Amino acid sequence: MKQVLIQLLADDLPLAALTLAELGMFSPGGGDNFSEQFPDVPGTRYRELYHQARTRLQKIESHITLGPLRPLAHTRVIGEQELATTNAWLGEVWERCSSFEEHFRRLTDEEHMLEQLEQTLDNFAALNFDLSRLRGERLFLDLHIGMLPSVNVPKLREAIALADYLLFNYMENTDHTHVIILGPKGAREQELRSVLDTAGFHALEIPPELDDEPQRIQGDLRQRREALASERAARRQAMQTCGDELRAQLEQSRDRLIMAEPFVAMGDAARNRGQLGIISGWIPERELKRTESALHRRLDGPFRITATTPPRTNHRDVPTYLPVNWLTRAFSTLVKQYGVPRYGEINPTPIFAVSFIAMFGMMFGDAGHGGVIILAAWLGRKRLKSFTPFAICAGLSTSLFGLLYGSLFGYEHLFQAVWIPPLSDPLYMLRMALFWGIGFMVLMSLLYIHNQLVSGEISHALFATNGVVSVTLYLSVLTGIYRFVNTGQFGLLPAGLSLAALLALLAFKLIETQAPPGERMLVAGIETFETLTGYISNTLSFLRVAAFSLNHVALAIAVFTLADMMEGTGHWLMVIGGNLFILILEGAIVTIQALRLEYYEGFSRFFSGDGQEFKPLTLSLQGVK
């Protein structure tokens, strides 16, 4: 990655921004470094117009569907006056759309009101008389209409009878009863209200719109609903007609905003002092010549490109370029879920792709299941999109290890294993998993050492938790243990290397730790011990690779055991259902376990994950903050 400074005429800044966006290999940044020499950031009014027009277009698109974005056949600089005209026209279109929106909102409010009236009317459907008689105050009669839990009706009837009130129920359902309670007005009204509250009585209000018999009201509400539906359909047709009329012009406005966006996206990376302007940012080294050639073709005025290599001290500020293709895009997405590597660090995507796919196949090896995964990935490619190659690779790895294990849908006697059936020698499989884990851990530590050397952290590359001394300690201890298991002796050389590495680590921790002497010794000792135990525990984590390969076979045996208890169709239904169960459940678990090994035993050892992703200018209308 090169940090570039393009010096050019201030009037050529918009065209240069457009040209760089067409190339798609320039990321603006670093303008603050030149704020003293070039104090002005041009285009303030231009940016305001762009953001306002972009917002208006987004609102309009919620009402009028535009065609898909297409590559621009010809690009040109959009001047400020043209952008202002486009913004004003979009404002007029939005006013038309907002009038439709307001009308639809009014219709929706009326429909909600009708729904509420219909729900209220359901409560009085059994009363076939003028409902207005139940509303308002009366001189001598105290009347209440409402509902309460059905179980409380008998007790309430008895309680209010003592106060000379009557209760009539006019509609019942499973839980509640609708009632009318009436009696003489007088001193006992307050006492009645207390009894009603205790019984769980809920008063029902009768809206003025229901001042008629329920059957007549239902017909009126139905007519009003039909009228609203007709009005909504008419307005939708008018909206569609408006969209058909304006769609072509709206798409042209969208194209103008696409061409205007690069200059806006430059932000303070484009600066000027009088007639002299600059653009600062980042370009991959291999794209420098192509960028210079493109600017020569498009710019009439003179310009100069200066490219410098960022010093190690600035690597945190340099964006990381992660090239991807159709095969690695999904793997790169999963890597970025953990973080983006700093500039100069090794891109872990290829290593992640190979190791993840290999471990998935090791844990889930079955030729039949792999074929199903491949078929399902291909059939679901429209939904999986960029993850289709990921799933197909997982299926291929599963099928390959299925051939090595001699397994086809759990059957292990249909063909000879190329390597070994896992359950025939579980201890051997566990040893292989340990060897895989040791190799993986050593590789991760080597990557850490490389990244530290690139960053200029020589002491960390040598003495840190994953540095040269730690790897030496790890391998010497493993060698000594291996010798002890086979010969009964740890070995002088492994013991000497282990002790020397342990003391070197302890000394480094003592120097690095900032604390009083006693506390420093304690912290250094604990961290040194954690370094050794961390390597051992992480290595043992890879036993799950073998454990899941054995578990896969064990689940198949369980399925066939159940199937053998049945005959005919039941046998084959159990075999098919069991294989689907294994494929879905264990497949998901194996995916999670492989990701865990990658993230925690792998990435955490060498991958900082706090880098900035390289995001170039493009002609895409992605929106500018």
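Just so you know, these numbers come straight off a predicted model, no measurement behind them.
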Arg96 and Ile64: CA distance, side-chain angles, deciding distance, side chain to side chain contact (heavy atoms under 4.5 Å, CB included) verdict: CA-CA 11 Å; Arg96 293 179 61 179; Ile64 300 176; over 6 Å; no
Audit row: Leu257, Leu83, side chain to side chain contact (heavy atoms under 4.5 Å, CB included) steps and yes/no: CA-CA 8 Å; Leu257 292 180; Leu83 187 58; 3.8 Å; yes
Side chain to side chain contact (heavy atoms under 4.5 Å, CB included) between Phe352 and Leu595, worked out: CA-CA 9 Å; Phe352 170 79; Leu595 281 174; 3.9 Å; yes
Side chain to side chain contact (heavy atoms under 4.5 Å, CB included) evaluation trace for Thr86 with Ile78: CA-CA 10 Å; Thr86 300; Ile78 304 300; 5.8 Å; no
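The salt bridge (charged side-chain N to carboxylate O under 4.0 Å, His left out) check on Glu61 picks up nothing, with sequence neighbours excluded. With sequence neighbours excluded, the residues that form a side chain to side chain donor-acceptor pair (under 3.5 Å) with Gln52 are Asn87. Looking at residues two or more places apart in sequence or on another chain, you find a side chain to side chain donor-acceptor pair (under 3.5 Å) between Thr328 and Asn325. Residues satisfying the side-chain contact (heavy atoms from CB on, under 4.5 Å) test with Ala16, not counting sequence neighbours, are Leu8, Ile279, Leu295, Leu299. With sequence neighbours left out, Arg45 forms a side chain to side chain donor-acceptor pair (under 3.5 Å) with no residue at all. Here Glu586 pairs with nothing under the salt bridge (charged side-chain N to carboxylate O under 4.0 Å, His left out) rule; sequence neighbours left out. Listed by chain and residue number, Tyr599, Phe603, Phe607 satisfy the ring pair (Phe, Tyr, Trp, His ring centres under 6.0 Å) test with Tyr338 (two or more places apart in sequence, or in another chain).
One distance of note links CH2 of Trp89 with CH2 of Trp94; it measures 14.0 Å at 0.5 Å rounding. With values rounded to the nearest 0.5 angstrom, Ser253 atom OG is found 12.0 Å from Arg56 atom CZ. The CG atom of Leu196 sits 8.5 Å away from the OG1 atom of Thr198 when rounded to the nearest 0.5 Å. Separating the CD atom in Glu80 from the CZ atom in Arg47 is a distance of 11.0 Å, to the nearest 0.5 Å. Atoms CG and CG, on Leu23 and Leu619 in that order, are 9.5 Å from each other to the nearest 0.5 Å. Expressed to the nearest 0.5 Å, how far CG of Leu18 lies from CD1 of Ile258 amounts to 11.0 Å.
Counting heavy atoms from C-beta outward, Phe201 and Ile181 have side chains that approach closer than 4.5 Å. With contacts defined as side-chain heavy-atom distances shorter than 4.5 Å, the pair Arg247/Glu251 qualifies. The side-chain heavy atoms of Arg157 and Val179, taken from C-beta on, include no pair separated by under 4.5 Å. Using a 4.5 Å heavy-atom threshold, the side chains of Val93 and Leu250 count as touching.
Proximity of a side-chain donor or acceptor of Ser150 to a complementary backbone N or O of Asp175 within less than 3.5 Å is detected. Checking side-chain atoms of Glu231 against main-chain N and O of Leu107 turns up no donor-acceptor pair under 3.5 Å. Side-chain N or O atoms of Asn152 include one that pairs as donor or acceptor with a backbone N or O of Ala199 at under 3.5 Å. Side-chain N or O atoms of Thr388 include none that pairs as donor or acceptor with a backbone N or O of Leu384 at under 3.5 Å. Between the side chain of Arg254 and the main chain of Gly67, a donor-acceptor pair closer than 3.5 Å is present. Between the side chain of Ser280 and the backbone N or O of Gly29 there is at least one donor-acceptor pair closer than 3.5 Å. In terms of modelled atom types and a separation under 3.5 Å, the side chain of Ser332 and the main chain of Arg329 share no donor-acceptor contact. The closest donor-acceptor contact from the side chain of Thr320 to the backbone of Pro341 lies under 3.5 Å. A side-chain donor-acceptor contact under 3.5 Å links Arg271 to the backbone of Phe38. With hydrogens and angles disregarded, a donor-acceptor distance shorter than 3.5 Å links the side chain of Ser397 to the backbone of Ile357.
Within the structure, no pair that satisfies the side-chain hydrogen bond (donor to acceptor under 3.5 Å, both in side chains) test touches residues 10-21, not counting sequence neighbours. Applying the salt bridge (Lys or Arg N to Asp or Glu O under 4.0 Å) definition to pairs two or more places apart or across chains, none involves residues 368-392. Within the structure, ring pair (Phe, Tyr, Trp, His ring centres under 6.0 Å) pairs that include any residue of residues 235-266 comprise Tyr46-Phe263 (at least two apart or interchain). For residues 62-74, the set of pairs meeting the side-chain hydrogen bond (donor to acceptor under 3.5 Å, both in side chains) definition, not counting sequence neighbours, comprises Arg70-Asp255. Within the structure, salt bridge (Lys or Arg N to Asp or Glu O under 4.0 Å) contacts touching residues 610-620 (residues at least two apart or in different chains) are Arg316-Asp610, Lys336-Glu613, Arg342-Asp610.
The neighbour count for Asp197 CG, taken as heavy atoms of other residues, nucleotides or ligands under 6.0 Å away, is above 12.
Ring geometry for His369 against Phe364 counts as parallel: the plane angle stays under 30°, on a 0 to 90° scale with 60° as the upper cut.
Taking the charged nitrogens against the carboxylate oxygens, Glu102 and Arg105 do have a contact shorter than 4.0 Å, which makes a salt bridge.
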